[in-house]
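Please read all numbers here as calculations on a predicted model, not as lab measurements.
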Amino acid sequence: MRFHEPLLLPFAAVAAGIGIAAMGTQPIPLSDACLATAGLAVLALLAHRVANSRRMTLASALVALVFAGIALMEAQPLRKAPRLSVPDNMLAIFEGCVVDPALVAADR
């Protein structure tokens, strides 16, 4: 079976790893994900060189890319959005770029 898009399966494998890591309830440690990626990459190399099996090479390489996606998510965890904790009617000074004012009023 030939694909017209050669990068579709590797992209889908990495995206699946990112999705697994994002939706997982228990995170996979970065060292375990990297170890699994390296082990499966070696298995893919052995399947290509020794067994000369395209299917086994493709399967192990794609699973290695899934673990690489998990490792990407664990290496750069999602940060929580900053929260503003200023009480109402309290003076606050902000620095930085303001695109639009929060409230439009005549006295502000």
| Closest approach of Ala92 and Val86, non-hydrogen atoms and distance? | CB-CG1, 4.1 Å

| note | All heavy atoms of Ala64 vs all of Ala41, minimum pair found to be CB-N, 4.0 Å

| request: Check Ala44 against Ala61 and note the closest heavy-atom contact, atom names and distance. | output: CB-N, 4.0 Å

| request: Find the distance between CG (Leu46) and CE (Met56) and round it off to the nearest 0.5 Å. | output: 10.5 Å

| said: Can you confirm whether Pro27 sits close enough to Glu74 that some side-chain heavy atom of one is under 4.5 Å from a side-chain heavy atom of the other? | reply: yes

| query | Is there side-chain contact between Val66 and Ile20, with at least one heavy-atom pair below 4.5 Å? | reply | yes

| Point-to-point distance, once rounded to the nearest 0.5 Å, from CG of Leu35 to CG of Leu40 | 9.5 Å

| message | Is there a path of hydrophobic side-chain contacts, each under 4.5 Å between heavy atoms, that joins Leu62 and Ile70? | response | no

| Co-membership, hydrophobic cluster, residues Leu43 and Val63, 4.5 Å side-chain | yes

| Is the backbone N or O of His48 less than 3.5 Å from a side-chain atom of Thr57, with the two atoms forming a donor-acceptor pair by type? | yes

| query | Do Leu65 and Leu72 share a hydrophobic cluster (ILVMFWY, side-chain heavy atoms under 4.5 Å, transitive)? | reply | yes

| request: Looking only at non-hydrogen atoms, find the nearest pair between Ser85 and Pro87 and report the distance. | output: O-CD, 3.9 Å

| Taking a hydrophobic cluster as the set of Ile, Leu, Val, Met, Phe, Trp and Tyr residues connected by side-chain heavy atoms closer than 4.5 Å, whether directly or through intermediates, do Leu30 and Phe67 fall within one such cluster? | no

| Is Val42 reachable from Val50 through a run of hydrophobic residues whose side-chain heavy atoms are each under 4.5 Å from the next? | yes

